[in-house]
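The basis for the numbers below is simple: all heavy atoms, side chains too, and nothing from hydrogens, waters or symmetry mates. Below, chains carry the letters A, B, ... as their sequence lines are ordered, and counting in each starts from 1.
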There are 2 protein chains.
Amino acid sequence: MGSEERGEMPARRVQRTEGRERLNRARVLETAIRLADEDGIEKLSMRRLGDELGVEAMSLYNHVSNKEDLLNGMIDALYGEIDLPVHDESWKTALRKRSVSVRAVLLRHPWANGLMDSATHAGPSTMRHHDRVLGTFRNGGFSLAMTAHAFSALDSYVYGFAKQEKALPFDSGEEAAAMAHVMLGQLPAGEYPYLHELMAKHVLRPGYSYAEEFAFGLELVLDALERAKDSTAEGKA
Amino acid sequence: MGSEERGEMPARRVQRTEGRERLNRARVLETAIRLADEDGIEKLSMRRLGDELGVEAMSLYNHVSNKEDLLNGMIDALYGEIDLPVHDESWKTALRKRSVSVRAVLLRHPWANGLMDSATHAGPSTMRHHDRVLGTFRNGGFSLAMTAHAFSALDSYVYGFAKQEKALPFDSGEEAAAMAHVMLGQLPAGEYPYLHELMAKHVLRPGYSYAEEFAFGLELVLDALERAKDSTAEGKA
DNA sequence: ACCTGAACACCGTTCAAGT
DNA sequence: ACCTGAACACCGTTCAAGT
C-alpha cells in the first residue's frame, strides 16, 4: 500500500506541507511548552503534540530521542527565558533581579518546577545561567566556598518559594478569598488553632497576597549572605 | 440496596481471604509508598499496586477514590513521619530539628517533593504539622505577620534545598566523585569558567558533600528570622 | 460491602515500510 | 532524511456482574 502514490513527480517540487514550516527541534520544544502552559503538563503526550504540529507522534522521534529528552529540552528552553544577572551592577542588585525573573518564569510555566529535579542532564542554557550566577558571586567578592554556600541557599529559597506558592490553595484575588473563607469554615478551630488564627486574622485581610512574601524572604536571604560574606572577609583580611 | 446482606450470619465468621489481611486504606497507602520508594513514582500504577496487594486494580477504588486521591494520601502519610516541633524547646531549636526531619523524610522518599505542589487537598497530618510549626513561631514571640513571613521563608528554603539536592548530578561518595570528574572533563572551561572553577577546586575536593550545605543555609535563615523578629519587637516595645 | 472481568479511551515506543 | 501505519505493552477508569 502507498505505492499508488507514485506516478509523475512535477519538475518543481511541491512544498510538502503547504504553508507550514518543516519540523525541527526548536519548533517541537516551543509547541510543547505552549501546550503544557495551556492544558497542563499531564495532558502533554507525544500524540497530542504530534496533532498540534500536524504530524504523527512518531515523527517527533526524529527531533527528540524520547519523552524524557523532550522534557529536558523544554526545561532548558525555559532557562533561556530567565534574565541573566548583569555584570555592571552590584552582586545583590543583579541577583535580586535574576531571582525575580526566575520566579516570573516559574509563574508563567507552573509545570516546570516539578520537572526540574528529574531533569538530570542540564542543557546549555541551564549551564550558562548557573555559570553567570556563580560569576556574579565571585566578582562580588565571595570566596569559592562562600559562593557554593550562597548559590545553594539562594536558589533553594527561590525555587522553594515558587513551589510553596503553587501548593497554596489561596493566593490573592476574590475567588481565592472566597475559597479561603470556605476553608476557614471547615477548619476545626479547636484542632488547628494556629492555622485558624492565620487564616482568620491574616490571610483573610483585604489586601492579603501570598505573592508579597517572596520579596521579604529574598531580602532576608540576600542580607544574610551579605553579612556572611563580610564576616569571613574580615576574618581573612 | 445492601438489604440483601441481612439474613442469618454464621456465629463464627470465616476469614474471607485466608492468611491475608483485608484491604484497607492504610494498607493501600503504605504499600504504595513502599513501591514508590523501591521502584520510583513513575512505576507506580494502579495495576502494579493491585498486584502487590494480591488484588485486581479495580478493588483499590473501594479505598481510594482515584489515583490523585491515592497520591494525596501518600503525601499526607509522609507528613505523619515528620517529627513535630516540641513545645518545651526554644523556637529555634525546635524548628531546626523539625527542618532536619523534613529533609530526612524527603531523602527517604525522593518522589514526594515533586508531588507536593500538586497535592492541593491537605490531609489531617499535613494540617497538624503546619499548625504546630505556626504555633512554634507564635509561642516563640513572633507577631502574626512575622509568623507568616517566617513560615514562608523557612519552608521555602527547606523544601527548596531538598529539590536542589535531588537535581544535582553529584552529591558525595566515590561514584559521585568519579561522575563529577567525567563532567569536568566535558565542561568547556572557556564557556563556563565559574562552573569549571567550582567543580575543579571545590566539588572535587576529597571531603566534599553537597548535603552539608543544608545546615549552612538553615542556620542562615534561622538567624535571619531571629534578627527580623527582634527588630520588630524592639520597634513595638 | 467488597471484589472482578471486560471494555474504553488513552499512553510511549519499536519497527518495517514508504517518499 | 524525514515521515507513517501497525503493533506491542502498557495506562486510569467505568460499568455491570458476581459473592
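The strand DNA chain D forms stems, runs of 3 or more Watson-Crick or G-U wobble pairs with distances below 3.5 Å, at C:4-8 with D:12-16, C:12-16 with D:4-8.
For B/Y192, the side chain to side chain donor-acceptor pair (under 3.5 Å) criterion is met by no residue, not counting sequence neighbours. Residues that satisfy the side chain to side chain donor-acceptor pair (under 3.5 Å) test with A/E81, not counting sequence neighbours, are A/R108, A/H109. For B/H149, the side chain to side chain donor-acceptor pair (under 3.5 Å) partners two or more places apart in sequence, or in a different chain, are A/E213. Not counting sequence neighbours, the partners of A/M58 by the side chain to side chain contact (heavy atoms under 4.5 Å, CB included) test are A/E56. For B/N62, the side chain to side chain donor-acceptor pair (under 3.5 Å) criterion is met by no residue, not counting sequence neighbours.
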Exercise for the section: Encode nucleotides 5-13 of chain C as B, S and - characters from 5' to 3', where the letter depends on protein heavy atoms closer than 4.0 Å: B to the base, S only to sugar-phosphate, - to neither. Expected result: BBB---BBB
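Whole-Å rounding puts the A/L53 CG to D/dC2 P distance at 15 Å. Taking atom CG of B/D51 as the reference point, atom C1' of C/dT4 lies 14 Å away to the nearest angstrom. Atom CG of A/N62 and atom P of D/dA1 are 11 Å apart (whole Å).
For residues 46-75 of chain A, no residue pair satisfies the ring pair (Phe, Tyr, Trp, His ring centres under 6.0 Å) rule, not counting sequence neighbours.
No close placement of the A/F161 and B/Y159 rings is indicated, their centers lying 6.0 Å or farther apart.
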Please list every donor-acceptor pair under 3.5 Å in which a side-chain atom of residues 122-136 of chain A meets a protein atom from a residue at least two apart or in another chain.
residue: A/T126; atom: OG1; partner: A/D76; partner atom: OD1; Å: 2.6
residue: A/H129; atom: NE2; partner: A/R98; partner atom: NH1; Å: 3.1
residue: A/D131; atom: OD1; partner: B/Y194; partner atom: N; Å: 2.8
residue: A/D131; atom: OD1; partner: B/L195; partner atom: N; Å: 2.8
residue: A/T136; atom: OG1; partner: A/R132; partner atom: O; Å: 2.7

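Under 4.0 angstrom from either OP1 or OP2 of D/dT4 there lies at least one side-chain N or O belonging to A/S59.
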